[in-house]
Amino acid sequence: MKDFVIIGAAQAGLSMAYFLKQKQKDFLIIDREEDVGASWLNRWDSLKLFTPTEFNHLIGMPFPAPKGHYPDKYEVANYFKQYAETFQFPIQLNTLAEHIEKKNDHFIIKTSQQDITCKQVIIATGPFHIPYTPTFHKNLSDTIYQVHSNYYKTPDQLQKGPTLVVGGGDSGFQILDEISKNTSETTYFSGSTDIRTLPQEILGKTLWWWFTITGFLSFSKKSWIGKKINQSKQPIIGTDVKTIIKRDNVKVVGHTLNAETERIKTATVELTDVKNIVWATGYKPNFKWINNLELTDDGYPKHNRGISTTKGLYFIGLPWLHTRGSATLGGIKKDATYLANKIL
């Protein structure tokens with residue numbers, strides 16, 4: 001029986017593994033992907049971090065890039081592989097955790113490979129579980145190519161003709177930017193344009209430097225300021241939204257309301273010429289595979305800084321696990337340090 005099993009081999013799981021390795025615990029990391037870092041490689045090809053190198057270090061090993069550099073997804077994936085190899089973590093890939101049940105004082109993890117028993121479990125699967133797409137997308141004709149941002153890679157996969165990008169978050173605007181720059185065809189944007197945008201650098205300093213010295217990333221989600229930040233609409237970082245939506249081939253159509261065959265009803269117009277839709281509409285959490293887990297109204301585990309209501313079951317890598325910084329690559333070390341101290 002293992003002391004610990006960590007589910008997920010990205011930044012959260014690897015950060016917890018660092019502490020377990022230091023304490024010489026008998027543990028195993030399992031991950032459904034074929035390689036460490038593959039979850040990042042699955043995202044679109046032009047993806048880059050919002051945070052520069054100096055804010056991307058995992059504990060015990062600096063990110064291998066110059067200060068001020070904004071790494072792409074390939075660099076992040078390679079960093080994770082190097083990190084796992086450097087510390088020689090025990091990792092079992094191609095292993096999907098399908099069910100967890102607590103029996104007396106230990107856990108049984110049913111996986112796609114075998115059943116694993118352990119004393120404690122750390123869930124590090126992140127917040128992006130089930131790609132969400134509005135139900136009415138099923139009403140559309142097969143002649144329209146539809147893809148969620150989770151599976152979007154490059155404009156080359158789109159068929160000829162106008163494209164509709166749905167979703168006004170960072171992913172939506174980055175994909176809108178890429179598609180509209182690479183085609184003369186009309187690119188419709190469906191989503192709110194009433195959003196705040198922040199540049200990646202202010203007065204010669206990176207945005208994350210300002211966030212750090214002002215404490216923006218350190219306010220607890222339970223604090224008054226933390227609650228205000230959490231409840232406010234997240235700004236778009238490093239993408240010039242105003243310039244994008246002013247392009248001649250970009251047409252803003254408001255929120256998408258419904259669809260039928262080749263007709264798409266939006267807040268301002270009914271579209272009939274769309275050949276592609278990219279749904280940058282986010283994700284829904286999925287923790288139903290964990291038996292008797294207490295969940296919040298929005299589907300996330302009830303926990304106190306990663307410590308769940310089930311003894312021996314922990315979470316790391318959730319949005320706002322403790323602060324806004326919990327969602328960043330470099331911010332995971334604070335959550336991991338706290339949680340490791342509590343566990344060990």
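Hydrogens, waters and symmetry mates are skipped; everything else that's a heavy atom, side chains included, is used.
By the 30° and 60° cut-offs, the orientation of the rings of Tyr18 relative to Tyr83 is tilted. Ring geometry for Phe80 against Trp40 counts as perpendicular: the plane angle is over 60°, on a 0 to 90° scale with 30° as the lower cut.
Tyr188 and Val241 fall into different hydrophobic clusters, where Ile, Leu, Val, Met, Phe, Trp and Tyr side chains are chained together by heavy-atom contacts under 4.5 Å.
Put simply, the side chain of Phe4 does not reach to within 4.5 Å of the side chain of Cys118, judged on heavy atoms. A heavy-atom distance below 4.5 Å is not found between the side chains of Lys334 and Ile59. A heavy-atom distance below 4.5 Å is found between the side chains of Val274 and Ile277. At least one side-chain heavy atom of Leu318 sits under 4.5 Å from a side-chain heavy atom of His303. Residues Phe315 and Leu293 have side chains in contact (heavy-atom distance under 4.5 Å, counting atoms from C-beta outward). Proximity of Val278 to Ile179: side-chain heavy atoms (C-beta onward) are separated by under 4.5 Å at one or more points. Counting only heavy atoms from C-beta outward, the side chains of Asn139 and Thr261 never approach each other to under 4.5 Å. You'll find the side chain of Lys102 reaches within 4.5 Å of the side chain of Lys311, heavy atoms only.
At most 12 non-hydrogen atoms from other residues, nucleotides or ligands lie less than 6.0 angstrom from OH of Tyr151. Environment of NZ in Lys48: sparse, with no more than 12 heavy atoms of neighbouring residues, nucleotides or ligands closer than 6.0 Å. Enclosure of atom CG in Asp115 by more than 12 non-hydrogen atoms of other residues, nucleotides or ligands within 6.0 angstrom is indicated. When the shell of 6.0 Å around CG of Asn341 is examined, it contains more than 12 heavy atoms from other residues, nucleotides or ligands. At most 12 non-hydrogen atoms from other residues, nucleotides or ligands lie less than 6.0 angstrom from NZ of Lys265. Gln88 CD: 12 or fewer foreign heavy atoms inside a 6.0 Å radius. Atom CD of Gln114 is surrounded by more than 12 heavy atoms from other residues, nucleotides or ligands within 6.0 Å. Around the NZ atom of Lys110, the shell of radius 6.0 Å holds no more than 12 heavy atoms that belong to other residues, nucleotides or ligands.
Thr186 contributes no side-chain N or O that, together with a main-chain N or O of Pro162, makes up a donor-acceptor pair within less than 3.5 Å. Put simply, the side chain of Ser112 gets close to the backbone of Leu96: a donor and an acceptor are under 3.5 Å apart. Here the side chain of Gln11 pairs no donor or acceptor atom with the backbone of Gly331 at under 3.5 angstrom. In this structure, the side chain of Tyr79 does not engage the main chain of His57 through any donor-acceptor pair within 3.5 Å. Ser180 places a side-chain N or O within donor-acceptor distance of the main-chain N or O of Asp177, the cut-off being under 3.5 Å. Put simply, the side chain of Glu54 gets close to the backbone of Gly68: a donor and an acceptor are under 3.5 Å apart. For Ser190 (side chain) and Gly254 (main-chain N/O), a donor-acceptor pair under 3.5 Å exists by modelled atom type. Remark: the backbone N or O of Ser171 is not paired with any side-chain donor or acceptor of Ser149 at under 3.5 angstrom.
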>> Under the criterion side chain to side chain donor-acceptor pair (under 3.5 Å), I'd like the reasoning laid out for Ser308 against Glu294: C-alpha separation, chi angles, the key distance, then a yes or no.
In response: CA-CA 8 Å; Ser308 81; Glu294 281 194 90; over 6 Å; no
>> Before you tell me yes or no, could you show the steps for Val165 and Thr187 under side chain to side chain contact (heavy atoms under 4.5 Å, CB included), namely the whole-Å CA-CA distance, both residues' side-chain angles and the distance that decides it to 0.1 Å?
In response: CA-CA 7 Å; Val165 178; Thr187 308; 4.2 Å; yes
> When you look at Leu164 and Ile144, which way does the side chain to side chain contact (heavy atoms under 4.5 Å, CB included) test go after all the steps?
Replying inline: CA-CA 10 Å; Leu164 171 66; Ile144 297 176; over 6 Å; no
> Between Leu339 and Arg305, is a side chain to side chain contact (heavy atoms under 4.5 Å, CB included) present by the stated rule, with each step listed?
Replying inline: CA-CA 7 Å; Leu339 190 56; Arg305 295 193 69 173; over 6 Å; no
>> Leu313 vs Ile123, test: side chain to side chain contact (heavy atoms under 4.5 Å, CB included). Steps then yes/no.
In response: CA-CA 8 Å; Leu313 180 65; Ile123 309 295; 3.9 Å; yes
>> Apply side chain to side chain donor-acceptor pair (under 3.5 Å) to residues Ser39 and Glu33 and explain how you reach the verdict.
In response: CA-CA 7 Å; Ser39 59; Glu33 303 290 353; 5.8 Å; no
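The side-chain contact (heavy atoms from CB on, under 4.5 Å) test with Lys119 is passed by exactly one of Lys2, Lys25, Met1: Met1. The only member of Trp44, Tyr145, Tyr152 that meets side chain to side chain donor-acceptor pair (under 3.5 Å) when paired with Gln157 is Tyr145.
Aromatic rings from Phe287 and His129 are positioned such that their centres are separated by under 6.0 Å. Remark: aromatic rings of Phe107 and His99 are distant, center separation not under 6.0 Å. Between Phe128 and Tyr283, the distance separating the two ring centers is shorter than 6.0 angstrom. For an aromatic pair to be called close, the ring centres must be under 6.0 Å apart, and Phe173 with Phe189 satisfies this.
A donor-acceptor pair shorter than 3.5 Å can be found between the side chains of Asp298 and Thr296. There is no side-chain donor-acceptor pair under 3.5 Å between Gln146 and Asn276. Side-chain N/O atoms of Asn56 and Thr51 include a donor and acceptor closer than 3.5 Å. Using a 3.5 Å distance cut-off with no hydrogens or angles, the side chains of Glu98 and Gln113 do not pair a donor with an acceptor. One side chain, Glu75 or His69, offers a donor N or O that lies under 3.5 Å from an acceptor on the other. Side-chain contact check for Thr95 and Gln92: at least one donor-acceptor pair (N or O, by modelled atom type) lies under 3.5 Å. Side chains of Thr272 and Arg263: a donor-acceptor N/O pair is absent below 3.5 angstrom, by distance only.
Rounding to the nearest 0.5 Å places CG of Asn42 at 11.5 Å from CG of Leu47. Taken to the nearest 0.5 Å, the CZ atom of Arg43 stands 6.0 Å off from the CG atom of Asn150. Rounded to the nearest 0.5 Å, atoms CG (Leu41) and CG (Asp35) are 8.0 Å apart. Taken from CG in Asn291 to CD1 in Ile100, the straight-line distance is 10.0 Å, to the nearest 0.5 Å. Rounded to the nearest 0.5 angstrom, Ile7 CD1 and Ile116 CD1 are separated by 8.0 Å. Atom-to-atom distance recorded for Glu185:CD and Lys275:NZ is 10.0 Å, nearest 0.5 angstrom.
Every residue meeting the salt bridge (Lys or Arg N to Asp or Glu O under 4.0 Å) condition with Asp45, not counting sequence neighbours, appears here in chain and number order: Lys73. In this structure Ala17 satisfies the side-chain contact (heavy atoms from CB on, under 4.5 Å) test together with Ile6, Phe27, Ile29, Phe89, sequence neighbours excluded. The salt bridge (Lys or Arg N to Asp or Glu O under 4.0 Å) check on Lys288 picks up nothing, with sequence neighbours excluded.
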